[in-house]
Protein chains: 2
Amino acid sequence: MAKLTEIARQAGVSVSVVSRVLNGDPTVRAREETRQRVLQVAKELNYTANYAGRALRLARSKALALITPNVSSPLFDDLLAGATEAAEEADYTLLIGLADTITAGSDTLRRLVGEGRVDGFVLQRHDDLSDQALESLVANDARVVLVTSRTPGRRGSVILDDVAGARLATEHLISLGHKRIALIGGVPHSDIARRREQGYALALHEAGLRRRESMVRRMGYSPDAAARAMESLLGTDPRPTGVVVANVNGAIGALTALRRLGVDVPSEISVVAYHDEWVAEHTWPALTTVKMPYYQVGLQAVRSLIDQLGGKPAQDIVVREPKPELVLRSSTAPPKSA
Amino acid sequence: MAKLTEIARQAGVSVSVVSRVLNGDPTVRAREETRQRVLQVAKELNYTANYAGRALRLARSKALALITPNVSSPLFDDLLAGATEAAEEADYTLLIGLADTITAGSDTLRRLVGEGRVDGFVLQRHDDLSDQALESLVANDARVVLVTSRTPGRRGSVILDDVAGARLATEHLISLGHKRIALIGGVPHSDIARRREQGYALALHEAGLRRRESMVRRMGYSPDAAARAMESLLGTDPRPTGVVVANVNGAIGALTALRRLGVDVPSEISVVAYHDEWVAEHTWPALTTVKMPYYQVGLQAVRSLIDQLGGKPAQDIVVREPKPELVLRSSTAPPKSA
DNA sequence: CTTCCCTGAAAAAACGATTGCTCCAGCCCC
DNA sequence: GGGGCTGGAGCAATCGTTTTTTCAGGGAAG
């Protein structure tokens, strides 16, 4: 509530001195005694700089927006926590926006930044938004950093090490003795889905197992899609003894399908899911998962964005630390035949 | 990017005229021809008003913050969607803040509003934040509307019709023929928990059933707490044949506990949960729930807040429409003995 | 022919913070 | 004793809008 003029008046100095002292301006020329008096009065009046005044003068809002397709996921929780942390450490405010207001044609992004409400964006796109649509939306704007996805044409992204994560999940099944391991993956043309599939293939290859196209389904991450994929996998002969589901929500749908069809997990088939969240503890059976470092993605994304705003060149970051972590629960076991 | 001065220059008028025309000020005095020319130029330059300039002048940010303890719930999704809708219809921007930065001692709220970043708050508190702490935090501030909770001392809240919701859940079990119906409720001193318990009691009373204290547990909404509550209920003699769990996450924990103990749902015991979310479809068995109108809560809360900012008196609203809705799945059935 | 009022529009004053510049007094050095 | 330097601080412009005030000219009323 208090303003600079008010502090200046009470401290018996001019506003410029107050401003400089409060901002720790090294070029300030004031006696230590004066400085202390100013700080004292500011504290007494509980001064906080008016945001609009500062933003107007500096032509920067010191605010960032995190745009996401859906907020209601524990994974996003982690991402948000990391982003919040990084924003706070740089004294930025973080806004959250829902991506469904951001369609290909819309200029919501440009409007937000045009109005000067935010200085930049961290953008998590829908997995089914095409590369072209995305590029037309953000072009080569230095004020945008993509998270968990990237596009070939532009720099500025922070993604998970999906290859390592999917590989870990697959290796877990291999180490239990499984030979016929299926993958329920994402939609075909998604970069994310491709990377996870690559990790799966890599693990099989290193174990000397053949990767069969009949063991791979690419129908997306929703519970329903994964349930259908699961059903279709059960129709193959010979059946897989283990399944890697490239998303935890999908894995939940897959378990539902298995239960419906009377296939026991893990005795008849093992299921391991990519991504961990609390509900995995409460499925039947409890899901073995691979936990990915989302917090770190949020953290790095915001830091990287702030760097970009400061003029540094855009980077493409793959978060490798902390490493993907296997969370062992009850949905995986050695195959029956073993 | 374009500014008023730029438009004024290109249209050959003064900035004041441009401002008035663009804001549709009825007191503007300009020839229709001039007006059109201004609008034309503004459109060509793709003008959007600079936010900081406007905020500084008007001493209002036209932004609201929605503060929540956790963002990662489908329930919050609904709330957010409603709040977003209402904010947009009034041309406000909506920020989302995590409540864990808002502890009793903190002045985050005051700082946000002191800086002029937001004009007001919609606050969803932790169920375990005490009334006193809350009141000290928001005092009688006209810029705050509480959602899903309220405190005795102040006005300005929007809550669900918890009584009706809990009653509907209980009545469902009664209509199936259950006589011994337990409640797994929230923590003892929460207003929300009390209202849900009241709905439960009301339904029992109307059906002429006795409400037994031994059938009520008040340990909170977390899956673990509810699991412990469930175990303890199984120890009573005679056992309940049906349970109302006052929160869907708790119900998931309760199901886990029942599975662990080898109690079949619904043949040995029926479970109905308060609140609906997608994962209820995928539990084992799929949970019967009562769906509450969260969207409407978000909508009304923001509208009410904007009204308050406009000087209207604060209200306490109970959202009764749309009515609580029973979502029938597989976790409830008539009791064995019936 | 004044006097008034109306129309159409420009000028100017905020809003609060930041920052380059100017001003002044005292002191040192030559 | 004058020039230059330094410490201490104030002045004033500026950011982009909104809004109050002012102003010029013309037409109508008296």
Side-chain angles (χ1 to χ4, degrees), chain A residues 1-39 41-42 45-63 91 93 111-119, chain B residues 1-39 41-42 45-63 91 111-117 119:
Chain A
M1 292 310 216
K3 329 183 259 179
L4 281 188
T5 50
E6 180 62 18
I7 297 181
R9 206 178 51 74
Q10 291 204 27
V13 296
S14 73
V15 285
S16 41
V17 172
V18 178
S19 171
R20 292 174 141 95
V21 167
L22 260 34
N23 289 325
D25 184 336
T27 74
V28 68
R29 298 206 302 205
R31 261 172 309 197
E32 179 57 19
E33 174 199 319
T34 310
R35 224 175 61 76
Q36 289 303 334
R37 186 155 31 96
V38 168
L39 289 174
V41 174
L45 296 183
N46 201 2
Y47 174 77
T48 51
N50 178 283
Y51 169 68
R54 177 174 280 167
L56 181 57
R57 178 65 228 258
L58 301 179
R60 289 183 318 144
S61 64
K62 282 279 229 168
D91 207 26
T93 297
R111 238 176 47 98
L112 273 172
V113 73
E115 286 175 331
R117 254 179 220 272
V118 303
D119 297 334
Chain B
M1 291 314 215
K3 327 184 262 182
L4 281 188
T5 50
E6 181 63 18
I7 298 181
R9 206 179 52 73
Q10 292 202 26
V13 295
S14 72
V15 286
S16 41
V17 172
V18 178
S19 172
R20 294 174 122 90
V21 166
L22 260 34
N23 288 326
D25 183 336
T27 74
V28 68
R29 296 204 304 204
R31 264 173 306 197
E32 179 58 21
E33 173 200 318
T34 310
R35 223 176 62 78
Q36 290 303 335
R37 186 154 32 95
V38 168
L39 289 174
V41 174
L45 295 183
N46 200 5
Y47 174 78
T48 52
N50 177 283
Y51 169 67
R54 176 173 282 169
L56 181 57
R57 178 66 230 251
L58 300 179
R60 289 183 318 143
S61 64
K62 282 278 228 170
D91 207 27
R111 239 176 47 97
L112 274 172
V113 73
E115 287 175 330
R117 250 178 222 274
D119 297 333

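Here is how names work: the chains are called A, B, and so on, in the same order as the sequence lines, proteins then strands, and each is numbered from 1.
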Is any side-chain nitrogen or oxygen of [X] closer than 4.0 Å to OP1 or OP2 of [N]?
X: B:Y51; N: D:dC15; answer: no
X: A:R60; N: D:dC15; answer: no
X: B:Y47; N: D:dG16; answer: no

inquiry  = Taking the basic N atoms (NZ, or NE/NH1/NH2) and the acidic carboxylate oxygens, is any pair closer than 4.0 Å for B:E33 and B:R31?
reply    =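 No, no charged N to carboxylate O under 4.0 Å.
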Contact class for [X] vs. all strands (heavy atom < 4.0 Å): base, sugar-phosphate, or nothing?
X: A:A30; answer: sugar-phosphate
X: B:R29; answer: base
X: B:A49; answer: sugar-phosphate

Round to the nearest Å and state the distance from [X] atom [atom1] to [N] atom [atom2].
X: A:R37; N: D:dG8; atom1: CZ; atom2: C1'; value: 12 Å
X: A:L4; N: C:dA17; atom1: CG; atom2: C1'; value: 6 Å
X: A:L56; N: C:dG16; atom1: CG; atom2: P; value: 12 Å
X: B:L58; N: C:dA13; atom1: CG; atom2: P; value: 20 Å
X: B:N50; N: D:dT17; atom1: CG; atom2: C1'; value: 8 Å
X: A:R31; N: D:dT6; atom1: CZ; atom2: C1'; value: 14 Å

key: Shortest non-hydrogen contact between B:A42 and B:L22, atoms and distance   = CB-CD1, 4.0 Å
query = Can you tell me how far the CG atom of B:L58 sits from the CG atom of B:L56, to the nearest 0.5 Å?
reply =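 Going from CG on B:L58 over to CG on B:L56, the span is 9.0 Å.
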query = Counting distance only, does the side-chain N/O of A:S61 pair as donor-acceptor with the main-chain N or O of A:R117 below 3.5 Å?
reply =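 Checking the backbone N and O of A:R117 against the side chain of A:S61, a donor-acceptor pair under 3.5 Å is found.
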query = Sequence neighbours excluded, which residues qualify as salt bridge (Lys or Arg N to Asp or Glu O under 4.0 Å) partners of B:R20?
reply = B:D25
ask   = Does a side-chain heavy-atom distance below 4.5 Å link B:Y47 with B:L4?
value = yes
message = Checking contacts here: which listed nucleotide (C:dA9, D:dT17, C:dT19) is nearest the side-chain heavy atoms of B:K3?
response =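 The answer is D:dT17.
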List the atom pairs, donor and acceptor, that lie under 3.5 Å between side-chain atoms in residues 5-12 of chain A and the rest of the protein, sequence neighbours left out.
{"residue": "A:E6", "atom": "OE2", "partner": "A:R9", "partner atom": "NH2", "Å": "3.1"}
{"residue": "A:E6", "atom": "OE2", "partner": "A:Q10", "partner atom": "NE2", "Å": "3.1"}

ask   = For DNA chain D, what residues of residues 5-25 of chain B have any heavy atom nearer than 4.0 Å?
value =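 Of all residues in residues 5-25 of chain B, the ones placing a heavy atom under 4.0 Å from DNA chain D are B:S16, B:S19, B:R20, B:N23.
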